[in-house]
Amino acid sequence: MEYDFRTNEKKWQNYWSTNHTFKAVLDKTKPKYYVLDMFPYPSGAGLHVGHPLGYIASDILSRFKRLQGFNVLHPMGYDAFGLPAEQYAIQTGQHPAKTTEENILMYREQLDKIGFSFDWKRQVKTSEPSYYKWTQWIFMQLFNSYFCNDEQKAKPVSGLNKVFNNEGNSSINAAHSCNLSFTAEQWKGFSHKEQQDILLDYRLAYLAESVVNWCPEMGTVLANDEVKDGKSERGGYEVVQKKMKQWSLRITAYAQRLLDGLENLDWSDALKDIQSNWIGRSEGAQIKFDLDGHDEVIEVFTTRPDTIFGVSFMVLAPEHELVSKITTAGQKVEVEKYIVVSSHRSERERLADVKNITGAFTGAYVKQPFSDEKIPVWIGDYVLAGYGTGAVMAVPSGDQRDWDFANHFGLAIPPIIKGQDVSEGAEVSKDGEIINSDFLNGMKVKKAIKLILFKVKEMGIGEHRINYKMRDAVFGRQRYWGEPIPVYYVDGVPNLVKEEHLPLALPKVDKYLPTSDGEPPLKRSENWNYNPEKGIVKSGEGYELELTTMPGWSGSSWYYLRYMDADNPNEIASKEALEYWGPVDFYLGGAEHATGHLLYFRFWTKVLHDLDFLSFDEPAKKLLNQGMIQAEDGQKMSKRYGNVVNPDDVIADHGADALRLHEMFLGPIEMHKPWNTQGIEGVSKFLRKLWRLYHDVDGDFNISEEPATKSELKSLHKVIKKFAEDTERLSFNTSVSAFMVAVNELGDLKCNKREILEPLTIVVSCHAPHITEELWNKLGHSESISKAELPIYNEAYLKEDTKKYPVSFNGKMRFMLELPMDFNKQQIEEAVTTNEQSERWLEGKTPKKIIVVPGKIVNIVL
RNA sequence: GCCCUGGUGGUGGAAUUGGUAGACACGCAGGACUUAAAAUCCUGUGAUCAUUGCGGUCGUGCGGGUUCAAGUCCCGCCCGGGGUACCA
């Protein structure tokens with residue numbers, strides 16, 4: 001009987017499911033291992049062969065860890081809130097929950113066919129009220145916390161209130177967006193609303209007027225990571241800058257910790273680089289320049305304070321608050337005209353138009369603090385209002401953008417680096433020697449920066465400063481299909497909904513569109529007011545509830561915690577479960593989430609850690625990015641190009657084990673690689689050959705109890721060793737060739753011995769679980785092969801008595817010579833030089849040198 | 001521009017620490033079995049020169065270098081993929 005994958009795979013999938021074979025149970029006597037996949041958004045298109053690639057790899061690792069005796073947590077769920085379901089709802093009027101549920105069922109069916117060892121009892125769906133209750137609860141923790149810069153951690157806002165009462169806000173060093181400073185007396189004098197507005201500016205979840213990415217097509221705001229090249233990442237719609245009052249999360253407070261934390265993570269350098277570039281730390285100085293004829297000062301941020309003697313003008317962002325104040329009457333028309341023009345340029349135009357240098361002179365001057373020289377103040381949109389102080393000290397000889405600006409407007413370019421040619425461009429390297437700079441003359445950059453920092457501090461005009469490119473994350477979406485934000489308003493002051501009223505469930509609406517006056521869809525609900533005693537009440541009968549919903553990345557920022565204790569009605573997960581299972585030992589998913597999900601995921605973990613809910617402060621110790629599978633034509637696999645390969649079809653033709661093996665065999669997991677339809681024949685053939693080892697020519701199961709020979713044991717232990725090593729270093733493709741080599745060798749040896757085949761079955765079972773369950777069962781085992789123990793390789797079986805040495809002359813391999821393994825250098829050298837094959841290559845010469853690496857090579861230098 | 005990645009036969013890839021480049025597959029060619037096909041098995045398969053056989057030369061994107069020895073290390077380029085971009 002040939003191997004019949006169709007009935008066999010179904011048989012074992014049913015067995016696993018009815019016996020709950022992969023159910024994970026908290027068991028403190030066993031070491032745990034948590035393998036997590038990035039959960040999918042269940043789209044209507046279903047899975048193509050690219051999607052399971054990562055799931056197969058993580059499944060192999062999970063099974064491997066089980067065989068090693070770990071208690072493995074390997075869950076799966078759905079990132080179920082999202083825009084496509086909502087767009088579909090707008091078009092068809094169907095509730096997004098309905099289409100989402102349909103898609104989930106389709107996904108589940110596809111996933112089940114591949115033979116994954118998920119513990120489905122722990123499944124989460126982010127759009128379920130029982131799940132998003134806790135997403136809302138985490139939002140409340142964020143709302144109730146502020147970030148203390150001194151301790152570098154989140155703390156309860158209630159503590160802030162006390163400090164304000166006692167000493168105002170001057171002594172507190174916290175992350176905030178409050179531009180007031182006040183004394184205790186003033187604080188006590190503020191109204192309730194004023195106090196609440198100030199506290200809001202300190203909260204980690206805060207409401208603030210800010211410039212946001214507004215997408216008119218989608219009718220919602222987007223976070224920075226959701227915008228690519230001035231267009232929305234999803235849909236590619238135009239995005240414009242707009243000032244709006246929005247919920248935001250103060251992730252910037254965690255910038256330094258998010259950066260520092262990378263160091264101890266076993267993530268790829270590529271990914272860590274993407275995150276650290278996105279965080280964008282830069283170290284420098286903030287320096288004040290006195291304005292000529294005004295009380296105000298212009299503050300600039302610079303990473304090169306040592307170039308301060310090269311400053312020949314200042315540039316403010318057009319939106320800078322001092323612009324209107326300092327512009328002289330004579331320049332007023334020009335400046336105002338420029339501001340209007342630049343404000344009408346969209347982000348996109350600005351990006352596309354980098355070469356075009358624009359700006360205007362304000363007519364004002366500042367004083368260079370050391371030379372008292374008068375320096376003209378310009379405005380220009382190459383200076384961004386949102387970064388640093390929104391103003392720069394322009395050093396055209398040291399910064400190319402400043403140089404371009406100076407060159408364009410005919411401003412002075414004083415040289416400050418020895419030997420530089422200012423007519424050519426700026427000298428940006430940090431190697432030069434400083435000139436024309438008073439007390440800094442003759443110094444190198446590093447030393448000069450130290451000295452100038454000391455000087456400006458001494459003079460009270462500047463200080464050391466660190467800036468980050470990363471911005472706070474806009475958290476509200478003018479959309480329906482997301483978690484409601486658990487906030488209601490009393491006289492414009494946001495209040496948290498009572499915890500007992502969670503989950504704050506999405507209300508019914510008649511349409512999923514904004515209202516006619518542009519309010520979000522939740523405004524349409526007839527039941528969207530709040531009464532602190534009763535909970536949700538009819539619209540018009542209570543306080544206004546928040547109308548925006550949370551962004552798509554909310555549910556995914558903490559889902560890994562819920563898997564640890566998925567049904568807990570009282571907590572996000574029990575302390576015990578969090579303590580035992582956390583953090584994730586191995587996380588697998590696409591690199592496209594580097595600046596979105598993976599940052600928020602780390603951020604929420606750190607907050608929950610600070611608030612003592614978690615003992616760890618990084619969610620995933622080790623992370624692997626799987627590559628993309630391209631279509632056979634090298635393009636992206638997409639419905640649009642009609643080149644999608646559906647795993648269901650592959651499984652119908654070749655079986656799930658073949659699919660799994662083939663996807664791994666395509667190449668290293670982290671690489672992009674094209675799908676290859678023909679190649680699957682190779683792994684199918686392998687599975688048939690494997691089957692045949694256990695069966696005689698008539699197809700009857702036939703196993704010998706005879707002891708194994710040396711060469712059989714060698715084949716077996718080679719593959720045991722290779723599989724374990726390969727899997728530890730996540731090289732899933734090379735294991736497959738090792739399996740093939742073993743099966744080919746054992747086939748040649750006509751080996752059907754239990755002593756060999758039993759361990760071999762276990763070794764292959766992680767990659768090909770169905771066929772091996774069947775063989776395992778035929779070998780007489782009543783338990784699943786996943787409960788077996790990983791065979792340990794024995795060095796003794798791999799030891800050779802002889803070694804075939806490659807013998808090289810001048811580095812070129814000329815012939816092989818078999819010598820006893822225990823020959824020492826001397827003996828090897830003698831054997832090689834006296835060997836008759838050497839004569840031809842020696843040509844009578846005496847070797848200059850003979851290199852012998854025992855067990856490896858011989859090289860003779862002539 | 002800057003920061004990451006990658007570049008090896010016709011194809012996917014292997015070579016883990018500098019030590020026989022091309023494992024394992026696909027494809028292709030030839031053969032066995034068969035009335036035929038499928039399945040299975042065997043042989044060959046980097047290029048090139050030579051050929052009766054032995055064999056020689058070249059070869060890991062390009063150009064240099066280090067080394068007894070380089071796909072692997074160093075320097076300078078080219079090309080593909082990703083990230084980021086007036087971030088001071």
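Any value given below was found using the heavy atoms of this structure, including those in side chains, with hydrogens, waters and symmetry copies removed. Proteins get letters first, then strands, A, B, ... in listed order; numbering begins at 1 in each.
Within the shown strands, B:U40 is the pairing partner of B:A32 under the Watson-Crick or G-U definition, both distances less than 3.5 Å. Judged by Watson-Crick or G-U wobble contacts below 3.5 Å, the nucleotide B:C73 has B:G65 as its partner. Using Watson-Crick or G-U wobble geometry with both donor-acceptor distances under 3.5 Å, B:G80 finds its partner in B:U5. The base-pairing partner of B:C26, taking Watson-Crick or G-U wobble contacts with both distances under 3.5 Å, is B:G10. With a cut-off of 3.5 Å on both pairing distances, B:U60 has no Watson-Crick or G-U wobble partner at all. With a cut-off of 3.5 Å on both pairing distances, the Watson-Crick or G-U wobble partner of B:G55 is B:C49. In this entry B:A15 has no Watson-Crick or G-U wobble partner, no candidate having both defining distances under 3.5 Å.
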Evaluation steps, ring-ring contact (aromatic ring centres under 6.0 Å, His included), between A:Phe405 and A:Trp378:
CA-CA 10 Å; A:Phe405 195 86; A:Trp378 286 65; 5.7 Å; yes

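If you check B:U84, B:A25, B:A88 against the side chain of A:Trp278, the one that comes closest is B:U84. Residue A:Met813 places its side chain closer to B:U20 than to any other of B:A88, B:U20, B:G19.
For B:G61, the O4'-C1' to base torsion is more than 90° from 0; the nucleotide is therefore anti.
Two rings, from A:Phe409 and A:Phe313, have their centers 6.0 Å or more apart.
Using a 4.0 Å cut-off, some side-chain N or O of A:Lys685 falls inside it from OP1 or OP2 of B:C26.
Counting any heavy atom pair closer than 4.0 Å across all strands shown, A:Arg692 reaches sugar-phosphate atoms only and no base atom.
Using a cutoff of 4.0 Å between basic side-chain nitrogens and carboxylate oxygens, A:Asp306 and A:Arg304 are scored as salt-bridged.
Under 3.5 Å, the side chains of A:Asp225 and A:Tyr600 contain a donor-acceptor pair of N or O atoms.
Taking only distance into account, the side chain of A:Lys722 meets the base of B:U16 through a donor-acceptor pair shorter than 3.5 Å.
At least one side-chain heavy atom of A:Tyr468 sits less than 4.5 Å from a side-chain heavy atom of A:Gln256.
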Write down the protein N/O and nucleotide N/O pairs, taken from nucleotides 65-72 of chain B, whose separation is under 3.5 Å; answer none if there are no such pairs.
unit_1 : atom_1 : unit_2   : atom_2 : d
B:C68  : O2'    : A:Asn859 : ND2    : 3.0
B:C68  : O2     : A:Asn859 : ND2    : 2.8

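The side-chain hydrogen bond (donor to acceptor under 3.5 Å, both in side chains) search around A:Ser715 returns A:Glu745, not counting sequence neighbours.
Nucleotides B:G71 and B:U17 are separated by 15 Å at their C1' atoms, to the nearest Å.
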